[in-house]
Amino acid sequence: MKVFVNKRIPEIGIEMLKKAGLQVILPENENLSYEEWIEYCKNTDTILSVGGDFKYDKNFFDACPNIKAIALYSVGFDHVDIIEAIHRNIPVGNTPDVLSRATSDVAFLLMQSVARRASYNFQKVKEGNWNDFDPLHALGQEIYGKTMGIFGLGRIGFEMAEKAKKAFDMNIIYHNRNHNEEAEKELGAKYVSFDELIENADVLSVHANFTPEHKELFNYSVFEKMKPDAIFINTARGGFHNQKDLYRALLDKKIWGAGLDVTNPEPISPDDPILELSSVCVLPHIGSATIEARNGMAKLAAGNIIAFSKGEKMPHCTNPEVYSRHSS
Ligand code: 8YV
C-alpha cells in the first residue's frame, strides 16, 4: 500500500511506515502547487497529510478516487469535509492529546508576553532603544487572581485552565458545547453563557475546534463587550477572529491586548498594522512545534495509517461513523 507524505515529518513516523511494509512517497519539492499535490494524491492509496493549505473537499475526492484513508498530522480537521469523507467511507485520522501540553504552553506564553509587553520590549532592545528608566512607559499588568475565560474547554483548553489556576490562582470560567465535569471538579471551572464569558474574562483564550459557524465569531461587537483590560488569546484557528476588528478594538481601547499564534489570514502580512501595537504578540503557528509533540504526532499519524493498512480501525479517528457504516 502506498502512503503519500507531503512534507517530511520526524523520522520516527517514516520508519514506522516503512517497517510496516508500506511504500512511502515523499515529494522532492515540498512546496507543492495544488495541481502537483493532486497528481501525487491521484497516485496513492493513503495520505499522511501535513498542514492545512489544501482542502479535502468534494472536488478533491472527485479528482482522487483512489484515496482510501487520510491520516492528518494535526489535531484540527477544519480543512476536511468530514461529511464528504463519510459518504465515501474514508477514515480521517488526527493527532489529539500529544500536542495539548505544547499548544497550551504557547497560549500561556502569549498571555504572559502580552501582559508584560514582552515582544514590544524585546523589539526596543534589538533596535537600540533601551532608554533611561521611565516609570510610566509601556507598563504591563499582573494577572494573579483574575478571571480566565476559556472558549472551548477540551484537552488543550483544560491544560491552559490548569496552568492559569496553578500559576496565578485564576478563576476559571468557560463556554463549551458540553459541560466539562473534570474541569469543574478539579479546577472549580464554571460553565457560563457566551455573553457571560466575554463580559467577565480578564483573559479570553480560544481553544475550540474550528467549524464554519465560528467564522469570525470574535468581531468588533464581541470585543466591545469585553473588559477594557482584557487580553484576547487565540492559538486555535485564525478564522475565529476578524483581524481588522481586533486591530480596531485594540486601537479604540475596547480591549487591552492580544496574543495570536494563528492569524487571519495565515500567514499574516508583515505590513499588518496589528504588528505595530505594543500589547500584541504574534507567533507563526508554533503551538505544536516541540520535539516531543511533533514526535508524538508522527507516531499517532503513522499508527493511524498502519492500522488502516491492516484492516483495523484507526486509533484516532475524526469520523468513526465510517466504521459503523462498514459493519451495518
Ligand atoms: C500543526 C495544528 O502545526 O494540530 C493542529 O491542528 O494546528 C498544528 O499542530 C499543523 O496543523 C501542521 O499539520
Side-chain angles (χ1 to χ4, degrees), residues 3-14 17 24 26-27 30-32 34 37 40-41 46-57 60 69-82 85 92-110 150-160 205-212 214-215 233-241 259-268 282-305 314-319:
V3 193
F4 169 49
V5 184
N6 63 306
K7 272 189 191 182
R8 203 157 256 290
I9 58 167
E11 207 46 40
I12 190 157
I14 303 288
L17 295 170
V24 177
L26 278 156
E30 293 191 344
N31 292 321
L32 299 175
Y34 182 75
W37 182 66
Y40 276 105
C41 294
T46 64
I47 312 172
L48 194 157
S49 176
V50 185
D53 291 349
F54 302 127
K55 307 277 169 235
Y56 291 103
D57 54 11
F60 169 83
I70 300 170
L72 303 175
Y73 187 72
S74 62
V75 66
F77 48 91
D78 47 300
H79 53 311
V80 183
D81 183 338
I82 291 292
V92 178
N94 70 339
T95 60
D97 300 329
V98 288
L99 46 65
S100 301
R101 192 181 273 177
T103 305
S104 59
D105 283 351
V106 166
F108 194 79
L109 164 83
L110 284 168
I150 304 272
F151 181 74
L153 211 165
R155 288 164 290 239
I156 302 173
F158 184 94
E159 296 256 355
M160 174 61 164
S205 195
V206 182
H207 297 285
N209 283 330
F210 184 73
T211 55
H214 285 134
K215 191 166 184 272
I233 305 291
N234 189 359
T235 53
R237 285 291 179 265
F240 272 110
H241 66 258
L260 308 174
D261 186 44
V262 289
T263 58
N264 186 9
E266 208 164 284
I268 193 170
V282 179
L283 297 174
H285 201 147
I286 57 159
S288 67
T290 63
I291 296 164
E292 293 84 353
R294 291 281 163 89
N295 279 341
M297 291 162 74
K299 285 194 229 168
L300 290 197
N304 274 338
I305 294 281
M314 283 187 176
H316 302 281
C317 190
T318 65
N319 57 350

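As the structure lists them, so they are numbered: ligands from 1, and atoms in each ligand from 1. Sequence positions, counted from 1, serve as the residue numbers for this chain.
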For ligand 1, find each of its N or O atoms that sits under 3.5 Å from a protein N or O atom, and tabulate the pairs with distances to one decimal place.
from	atom 1	to	atom 2	distance (Å)
ligand 1	3 (O)	S288	OG	3.3
ligand 1	3 (O)	R294	NH2	3.4
ligand 1	4 (O)	V75	N	2.7
ligand 1	6 (O)	V75	N	3.4
ligand 1	6 (O)	G76	N	2.8
ligand 1	6 (O)	R237	NH2	2.8
ligand 1	7 (O)	R237	NH1	2.9
ligand 1	7 (O)	R237	NH2	3.3
ligand 1	7 (O)	H285	NE2	2.7
ligand 1	9 (O)	S288	OG	2.7
ligand 1	13 (O)	G51	N	2.9
ligand 1	13 (O)	Y73	O	2.7

- Message: Would you call the rings of F240 and F210 parallel, tilted or perpendicular, taking 30° and 60° as the class edges?
- Response: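 Correct class here is perpendicular.
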- Under 3.5 Å, is there a donor-acceptor pair between the H241 and N264 side chains?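 There is no such pair between these side chains.
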- Quick one: CD1 on I150 to CD on E159, what's the gap to the nearest 0.5 Å?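 Answer for the CD1-CD pair, I150 versus E159, is 11.0 Å.
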- Is the backbone of T211 close enough, under 3.5 Å, to the side chain of D78 for a donor and an acceptor to pair up by distance?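 Not confirmed, D78 side chain does not pair with T211 backbone.
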- Name all residues meeting the ring-ring contact (aromatic ring centres under 6.0 Å, His included) criterion together with H316; count only those two or more places apart in sequence or in a different chain, and write none if there are none.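 Testing H316 for ring-ring contact (aromatic ring centres under 6.0 Å, His included), a comparison that skips the adjacent residues, returns none.
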- Query: Does the separation of the ring centres of F151 and H214 fall below 6.0 angstrom?
  - Reply: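 Yes - the distance between ring centres of F151 and H214 falls below the 6.0 Å cut-off.
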